[in-house]
Amino acid sequence: MEMDTSPSSSVPSSASSDSIDLNFLPFLKREPKSEPASPERWPLPPPPPPPPAQAATAASTPMPATPELSAAAVMTPLQSLPPNPDEDALFAEYYRLASLYLSSAGTGVIVPSPTPEVAASAVVQPGSGNAAKKRRPRSSELVRVSSLSVRDQIYFRDLVRRARITFESLRGMLLRDDERAEALGLAGVAGFAAVDRRRVRADLRAAALMGDRDLWLNRDRRIVGPIPGISVGDAFFFRMELCVLGLHGQVQAGIDFVSAGQSSSGEPIATSIIVSGGYEDDDDRGDILVYTGHGGRDPNLHKHCVDQKLEGGNLALERSMAYGIEIRVIRAVKTRRSPIGKVYFYDGLYKVVDFWLDRGKSGFGVYKYKMLRIEGQEAMGSLNFRLAEQLKVNALTFRPTGYLSFDISMGRETMPVVLYNDVDDDRDPLLFEYLARPIFPSSAVQGKFGEGGGGCECTDNCSIGCYCAARNGSEFAYDKAGALLRGKPLVYECGPYCRCPPSCPNRVSQKGLMNRLEVFRSRETGWGVRSFDLIKAGTFICEFSGIVLTHQQSEIMSVNGDCLVRPSRFPPRWLDWGDVSDVYPEYVAPNNPAVADLKFSIDVSRARNVACYFSHSCSPNVFVQFVLFDHYNVSYPHLMIFAMENIPPLRELSIDYGMIDEWMGKLTM
DNA sequence: GCCGTTTCAAAGCC
DNA sequence: CGGCTTTGAAACGG
């Protein structure tokens, strides 16, 4: 592109073009900025030549570009179902009952579950129909989703969660298959399919499997603005996952946009960007972001070697600025708690307010885009991440008041559990004895320690084929990093009767907390729990502890109105974790080892642990997995809590206590 | 529709 | 553990 080297104003309007009607391009028409133009700034190049399609439209129709574009780009907001007054009354009643039930346990909010009718009415559906060998290209239809009802939000949240579980489960399966093939010595054996695939990344293979079955979300429509089911602050570990969900459709490129050919205006429109820190000219201050356009770099050296051009994503960002289209911003943050060393946070919507051609640090021309975060959104995931990191080391610097305890476990947990309340003067959690481990009735565990043949004889870490693996249906429940591969009726960990060392990977949940948790007070949910650490989906969080009561004891206690947690009441959410039936319809959830009908309960009225403060949700982010390791009485398993999603720092943990179905039955009778 | 180009990936290796 | 290399997938656009 030919550069205009004469000194001129730094605002785009200075480079006027007859073919663009400034009346309809407010951003191009604004007054020069008050701040003085930096001497580093280059004069702006002439604006992009209008694409033929737009020129034709402008010539043939007096109707200018902007309204037409808003019709095209803003398009059909989704309509939620009108609220059903009867249903609302029902949900109000749930809420009242839930409050009564939970007042003694100190937990939270009931959110109504979606009805099948709502699910059917949802507008953005995953692709359906026959498995297409060829993946469909992304379509050009632009949609902005607005004002979803609570039920729709939950519906989409579950839809997204299901896709993410499928993706992560497939990835885990493929990795494990690769390891098995390697362990069997198949590496290097010519013609063995698994070996050929071994070199292919599991995230890409998982995405391809889902693509073959039309399981990518939001392929039919290109969504401007928020993606239903994805919240500001959500965390992701793979770029490919962002593609699968439709949050960002480019595998590697940082700017995603609707291409010129697909846009109704004939111009590219940017929809999302990823700020990965790889461009030296970025200036990221959170709410204010100066983002560098792409291109102009040597593909190997990642250094600028030529001036960037106003094309592709660069042009699309400029067009989005002109039309006021909001941009989803995803930031990459380095962390050790990620399989790839970094995590992507969805940080919400921004608007491009300025762009200019600048001289980058390399000396070559780079396009820069000043973006401002739209106000009124949830806190940025990347900001919460940094804040939580600070709170771990300098608690009082950032929150000088509100701490009731820096460790309510008094050292009984492997990590401190903070108690924090800056809302009111409630100090209830201090009144209970902290019990890191449940106390089982002696009748339940007596003589059950060696039951089932005792432990394994492995002297090193356990491996496939060992006794404890056989107990778990010949596969270990956890991957190398300690994440649960898929939920089961019951997981057997190695225990005191095993010869393997404490470092054995089959001892995940007995090691205690691995995250820094905080019990906190909120106006919405009463007491709740959140983590300072990023929690990866499938990893262990904590145990549900208290005084374990036998069936008979439970009957007596419940008559007295005491606060009991009944394990059998938790819906079997573990069924979801590891479910790949969308890709493999023949998939059946593990039904082995069989688990008994659980009749015991846990009394948390006197002694309890952090788990007691989890809020209830019917769209939860954690679930209960039953585990045995110290005794082998299948009627009294441990209630271990695992993450069902990636849980970003400072987000409230929520669990499905399973009351809704019961009340639904009562209320509809 | 094919193919070349581009791309702020991810994993493996040293 | 960090930087380098290898091997990629998908979308755009000619």
Side-chain angles (χ1 to χ4, degrees), chain A residues 51-53 134-140 167 171 174-175 178-179 182 187 196-212 216 218-219 222 236-246 248-263 266-284 289-306 308-309 311-317 327-336 338-345 347 360 362 366-369 382 480-481:
Chain A
K134 243 183 200 175
R135 255 157 266 148
R136 280 177 298 120
R138 292 199 298 167
S139 104
S140 59
F167 177 83
R171 193 178 156 271
L174 295 166
L175 285 173
D178 292 346
E179 282 166 23
E182 204 165 18
D196 293 339
R197 283 180 288 136
R198 201 182 79 77
R199 305 185 66 86
V200 184
R201 285 159 38 185
D203 58 319
L204 302 186
R205 274 186 284 160
L209 284 169
M210 292 179 73
D212 289 345
W216 287 31
N218 306 316
R219 279 182 91 86
R222 299 286 290 273
F236 309 85
F237 291 115
F238 296 92
R239 280 289 289 262
M240 219 10 140
E241 193 179 4
L242 306 179
C243 294
V244 170
L245 302 176
H248 185 86
Q250 299 284 343
V251 183
Q252 294 194 16
I255 306 170
D256 192 20
F257 60 100
V258 181
S259 66
Q262 294 180 313
S263 161
E267 298 165 293
I269 303 287
T271 54
S272 69
I273 61 166
I274 293 183
V275 189
S276 74
Y279 271 55
E280 58 188 2
D281 295 309
D282 285 356
D283 181 11
D284 186 1
L289 165 66
V290 176
Y291 189 74
T292 310
H294 63 191
R297 301 209 305 178
D298 182 286
N300 294 320
L301 298 172
H302 291 286
K303 289 209 156 187
H304 286 284
C305 54
V306 64
Q308 288 183 349
K309 295 176 190 147
E311 60 186 23
N314 296 353
L315 179 58
L317 272 177
I327 308 287
R328 293 186 293 271
V329 170
I330 299 135
R331 279 195 178 79
V333 179
K334 282 184 183 164
T335 172
R336 290 207 340 273
S338 159
I340 61 161
K342 59 181 158 186
V343 55
Y344 298 97
F345 287 111
D347 272 351
S362 63
V366 293
Y367 280 96
K368 291 193 170 180
Y369 302 85
S382 62
K480 283 189 294 189

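Quick note: numbers below take in every heavy atom, side chains included, and nothing from hydrogens, waters or symmetry partners.
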[X] near the nucleic acid: base, sugar-phosphate alone, or nothing, with a heavy-atom cut-off under 4.0 Å?
{"X": "A/Gly341", "value": "nothing"}
{"X": "A/Arg331", "value": "nothing"}
{"X": "A/Tyr291", "value": "base"}
{"X": "A/Gly277", "value": "base"}

Side chain of [X], heavy atoms from C-beta onward: which of [options] has the nearest atom to it?
{"X": "A/Phe257", "options": "B/dA9, C/dA10, C/dG13", "result": "C/dG13"}
{"X": "A/Lys342", "options": "B/dA9, C/dC12, B/dA11", "result": "B/dA9"}
{"X": "A/Arg239", "options": "C/dC12, B/dA11, B/dA9", "result": "B/dA9"}

Sequence-distant partners of A/Ala316, side chain to side chain contact (heavy atoms under 4.5 Å, CB included), two or more places apart
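Side chain to side chain contact (heavy atoms under 4.5 Å, CB included) check on A/Ala316 returns A/Phe257, A/Pro268, A/Ala270.
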
Can you name the residues that form a side chain to side chain contact (heavy atoms under 4.5 Å, CB included) with A/Val251, not counting sequence neighbours?
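So A/Val251 forms a side chain to side chain contact (heavy atoms under 4.5 Å, CB included) with A/Met240, A/Cys243.
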
Among A/Leu289, A/Ile274, A/Ile273, which one satisfies side chain to side chain contact (heavy atoms under 4.5 Å, CB included) with A/Arg331?
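Answer to the side chain to side chain contact (heavy atoms under 4.5 Å, CB included) test with A/Arg331 among A/Leu289, A/Ile274, A/Ile273: A/Leu289.
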
I need the [atom1]-[atom2] distance between [X] and [N], as an integer number of Å.
{"X": "A/His294", "N": "C/dA11", "atom1": "NE2", "atom2": "P", "result": "15 Å"}
{"X": "A/Leu209", "N": "C/dA9", "atom1": "CG", "atom2": "P", "result": "12 Å"}
{"X": "A/Met240", "N": "B/dA11", "atom1": "CE", "atom2": "P", "result": "12 Å"}
{"X": "A/Leu204", "N": "B/dT7", "atom1": "CG", "atom2": "P", "result": "19 Å"}
{"X": "A/Leu242", "N": "C/dA10", "atom1": "CG", "atom2": "P", "result": "14 Å"}
{"X": "A/Phe238", "N": "C/dA10", "atom1": "CZ", "atom2": "P", "result": "16 Å"}
{"X": "A/Asp212", "N": "C/dA9", "atom1": "CG", "atom2": "C1'", "result": "13 Å"}
{"X": "A/Asp256", "N": "C/dA11", "atom1": "CG", "atom2": "C1'", "result": "9 Å"}

[N], OP1 or OP2 - any side-chain N/O from [X] closer than 4.0 Å?
{"X": "A/Lys334", "N": "C/dG2", "answer": "no"}
{"X": "A/Tyr279", "N": "B/dT7", "answer": "no"}
{"X": "A/Arg205", "N": "B/dA10", "answer": "no"}

Does A/Arg201 get its side chain close enough to the base of C/dA9, under 3.5 Å, for a donor-acceptor pair?
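Side chain to base: no pair present.
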
Considering residues at least two apart in sequence or located in another chain, which fulfil the salt bridge (Lys or Arg N to Asp or Glu O under 4.0 Å) criterion with [X]?
{"X": "A/Lys334", "result": "none"}
{"X": "A/Asp256", "result": "A/Arg138, A/Arg222"}
{"X": "A/Arg239", "result": "none"}

For A/Ile255 and A/Tyr291, what are the C-alpha separation, side-chain angles and deciding distance, and is it a side chain to side chain contact (heavy atoms under 4.5 Å, CB included)?
CA-CA 10 Å; A/Ile255 306 170; A/Tyr291 189 74; 3.8 Å; yes

Find which nucleotide of DNA chain C each of A/Gly261 and A/Arg336 is nearest to by heavy atoms, and output the residue with the more 5' nucleotide.
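Final value for this comparison: A/Arg336.
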
Using the closest heavy atom to pick a nucleotide of DNA chain B for each, name whichever of A/Ala202 or A/Ile274 lands nearer the 5' end.
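Result of the comparison: A/Ile274.
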
Please give the stem ranges for DNA chain C, sorted by first residue number, where a stem is three or more consecutive Watson-Crick or G-U pairs and both donor-acceptor distances are under 3.5 Å.
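DNA chain C stems, ordered by first number: B:2-7 with C:9-14, B:9-14 with C:2-7.
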
Could you walk me through whether A/Met210 and A/Phe167 pass side chain to side chain contact (heavy atoms under 4.5 Å, CB included), step by step?
CA-CA 8 Å; A/Met210 292 179 73; A/Phe167 177 83; 3.8 Å; yes

